[in-house]
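Structure below; questions to follow.
Order of the sequence lines fixes the chain letters, A, B, ..., with proteins taken first and strands second; residue numbering starts at 1 for each chain. These values consider heavy atoms only, across backbone and side chains, with no hydrogens, waters or symmetry-generated copies.
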Number of protein chains: 2
Amino acid sequence: MSILAIELSINEKLFLRNPQRTALGRKILRHSVMMIDELGIEQFNFRRLAGRINSTEASVYRYFENKQLLLVYLVNWYWEWMKFRIDMRTTHIGDPREKLKVAISCIVDTAKRDAKITFIDEDVLHRIVVAEGTKAYHNKEVDAQNKDGFFISYKSLCQKIADIILENNPGFPYPRALASNLLEMANNHIYFAEHLPRLTEVNGEGDVLKQVEELLVYFAWKMLFCNNEGRLNGNAGMP
Amino acid sequence: MSILAIELSINEKLFLRNPQRTALGRKILRHSVMMIDELGIEQFNFRRLAGRINSTEASVYRYFENKQLLLVYLVNWYWEWMKFRIDMRTTHIGDPREKLKVAISCIVDTAKRDAKITFIDEDVLHRIVVAEGTKAYHNKEVDAQNKDGFFISYKSLCQKIADIILENNPGFPYPRALASNLLEMANNHIYFAEHLPRLTEVNGEGDVLKQVEELLVYFAWKMLFCNNEGRLNGNAGMP
DNA sequence: CTATTATGATAGTAAAGCTATCATTTTTGC
DNA sequence: GCAAAAATGATAGCTTTACTATCATAATAG
């Protein structure tokens, strides 16, 4: 297996010219990640990016239609990378509970790719996903973009986690909701801990990622390995 | 108690001129809600809004600095309205479990205010919060805005729900995280059911709000009224 | 009924978000 | 190694957005 085999495959409709294949394309990816992290997606634009990489606006527009689609591209990259890591680290594990534990650790953490072949800083991309990720699908084009398969990566990532959830508790009625919730929760609580600390118990001063991982495991365990007293005292919420 | 007593108080730094106090201000609120719902926050702008209400861009700018702050204003309005409804419907309830049930119902639902005195359509505002709400705090100004108290309403809403959670289970270690998660989850799953149905078990065809309410109650009950088998088989996630 | 305040009308500026054209490199296929 | 094709750079321009300023008029409050 060559090292190129782990090149992440991204929906081709997201770009006009494949940015992974050319030096300028990789420069665009690399620096757009850094600039979106610095400026936020609203302040970021192709003119500034072109200036930074000593290229021109027109050249950037030859790769991506606009910054919104570039963001979707980057977020897809992140989802694909997470899927890949979960696969790598869980396929050899038999115990479903351990598998879920490892998956949750992948959700929160961002192992780096081989620095020699990567042109995106995964840690910085992770910060973007935490801060801007949901903007990828919170817009008026979501239905059209969904039809074009822009969110297949997210959905199959979610499905992968849902499958592990079902291995742990085959009767659990909300595997996909729990999976998507774990994914969203991870980003939210990292963000809250830093910016809106009263919305979480995760403490921004300590090791945030470790605490978020503990939080997710606590929630998932409660949901899945639980003899629910609630069923007895009042049937509310127990279908 | 006069009917004016339930006028919702919104942070004064969010506007230049109080839009609740003038006919034009109320027109701005009313129609911006409708237009943001129709166009999304990205396509919405003050020029279009001014055209729609037969006023001018300059006049709108006399009320709000920009559309981002207008969005924060509207979202604050929604949070304040939800807080008010939770108070109204839970203060007289003794049973904590029933209290939580009612709070969850308030989180998902959007009872209308008296049509005579309201100038915002709460159902439409609810759709905005579902689709655009998190953009109110996902931006580079979040820390500065948080210092100015723009998110006090959200935080105190979250605290109110966390208090009800603690009434139900005083030893629960993550009351604020669960509270914020219930709030975020409600919006997410309403949105997913409509646009990205593979991310949830909530079925977009049926009564979405009822299903989301059931989902939240199921999750909350599991978290709070649970004898956790997980503590015994493997200590993962049980601090 | 005048003094203040709110609105309208109009204009203008800087930046964002593109698109087009053509010259110049760089790459590819033979 | 060379011709054809493709990618990039340089430049220009256009439309829209996001504001700000000014002044006249309308509404209102004391």
Side-chain angles (χ1 to χ4, degrees), chain A residues 4 12-32 35-36 38-74 119 132 135-136 139-141 144-145, chain B residues 4 12-32 35-36 38-74 119 132 135-136 139-141 144-145:
Chain A
L4 285 173
E12 303 216 337
K13 289 186 179 166
L14 282 169
F15 49 81
L16 301 170
R17 182 172 299 168
N18 193 326
Q20 298 190 54
R21 298 276 164 79
T22 67
L24 179 60
R26 289 187 289 268
K27 234 170 143 187
I28 288 172
L29 293 179
R30 175 182 201 74
H31 287 88
S32 64
M35 290 188 79
I36 293 171
E38 289 162 19
L39 304 172
I41 192 70
E42 284 81 14
Q43 300 308 310
F44 169 81
N45 66 46
F46 283 179
R47 186 166 313 194
R48 272 195 256 271
L49 173 62
R52 170 111 146 214
I53 63 180
N54 293 313
S55 179
T56 61
E57 227 180 324
S59 294
V60 178
Y61 274 104
R62 288 181 184 115
Y63 283 86
F64 293 100
E65 273 186 62
N66 54 56
K67 68 178 178 182
Q68 146 74 7
L69 291 182
L70 170 56
L71 178 65
V72 179
Y73 180 97
L74 294 173
F119 33 94
E132 320 272 359
K135 294 174 190 171
N139 59 60
K140 283 288 165 187
E141 288 79 41
Q145 294 184 346
Chain B
L4 284 174
E12 303 217 335
K13 290 186 180 169
L14 282 169
F15 50 82
L16 301 170
R17 181 173 298 169
N18 193 327
Q20 298 190 54
R21 298 279 163 77
T22 68
L24 179 61
R26 290 186 288 267
K27 232 170 146 188
I28 288 172
L29 293 179
R30 175 181 201 75
H31 286 87
S32 63
M35 290 188 81
I36 294 171
E38 289 163 20
L39 304 172
I41 192 71
E42 284 81 14
Q43 300 307 310
F44 168 81
N45 65 46
F46 283 178
R47 188 186 314 244
R48 272 195 255 273
L49 173 61
R52 171 109 144 216
I53 63 180
N54 294 313
S55 179
T56 61
E57 228 180 323
S59 295
V60 177
Y61 275 104
R62 287 181 184 117
Y63 283 86
F64 292 101
E65 272 186 62
N66 54 54
K67 69 178 177 183
Q68 146 76 6
L69 291 182
L70 170 56
L71 178 65
V72 178
Y73 180 97
L74 293 173
F119 35 94
E132 320 273 359
K135 293 173 191 172
N139 60 60
K140 283 288 165 188
E141 288 79 42
Q145 293 184 347

In whole Å, I'd like the distance from the CD atom of A:Gln43 to the P atom of D:dA18.
11 Å
Quick one: B:Glu42 CD to C:dG17 P, roughly how many Å, whole number?
11 Å
B:Arg17 vs C:dA6: side-chain N/O to OP1/OP2 distance below 4.0 Å:
yes
Whole Å only: how far is the CG atom of B:Asn54 from the C1' atom of C:dT7?
13 Å
Looking at A:Val60 and A:Ile28, what are the two nearest heavy atoms and their distance?
CA-CD1, 4.0 Å
Check the phosphate of C:dA9 against B:Thr56, side-chain N and O only, distance under 4.0 Å to OP1 or OP2. Yes or no?
no
D:dT20 OP1/OP2 closer than 4.0 Å to side-chain N/O of B:Arg62:
no
OP1 or OP2 of C:dA16 versus the side-chain N and O atoms of A:Asn45: is any pair under 4.0 Å?
yes
Go through it in stages, so that I can follow the logic: the residues are A:Arg48 and A:Glu57, the test is salt bridge (Lys or Arg N to Asp or Glu O under 4.0 Å), and I'd like the CA-CA distance, side-chain angles, deciding distance and then a yes or no.
CA-CA 8 Å; A:Arg48 272 195 256 271; A:Glu57 227 180 324; over 6 Å; no
B:Arg52 with B:Glu38: basic N within carboxylate O range, under 4.0 Å
yes
Looking at every non-hydrogen atom in both residues, tell me the closest pair between B:Ala136 and B:Val72 and how far apart they are.
O-CG2, 3.8 Å
Atom-pair distance (OH on B:Tyr61; C1' on C:dT7), nearest Å:
17 Å
Which whole-number value in Å describes the distance from A:Asn66 CG to C:dG17 P?
9 Å
Rounded off to whole Å, could you give me the CZ-to-C1' distance for the A:Arg47 and D:dG13 pair?
11 Å
Using atom CG of B:Leu70 as one end and atom P of D:dA18 as the other, report the distance to the nearest whole Å.
12 Å
Kindly determine whether A:Lys135 and B:Glu42 satisfy salt bridge (Lys or Arg N to Asp or Glu O under 4.0 Å), including the steps that lead there.
CA-CA 11 Å; A:Lys135 294 174 190 171; B:Glu42 284 81 14; over 6 Å; no
Would you indicate which nucleotide in D:dT8, C:dT7, C:dA16 comes nearest to any side-chain atom of B:Thr22?
C:dT7
So which nucleotide from D:dA18, D:dG9, C:dG8 ends up closest to the side chain of B:Glu57?
D:dA18
Ignoring hydrogens and geometry beyond distance, is the side chain of B:Glu65 in donor-acceptor contact with the base of D:dC19 at under 3.5 Å?
no
Rounded distance in Å - CG (B:Leu16) to C1' (D:dT20):
13 Å
Would you tell me if any nitrogen or oxygen in the side chain of B:Ser55 comes within less than 4.0 Å of OP1 or OP2 on C:dT7?
no
Would you please confirm or rule out a distance under 4.0 Å between OP1 or OP2 of C:dT7 and any side-chain N or O of B:Tyr63?
yes
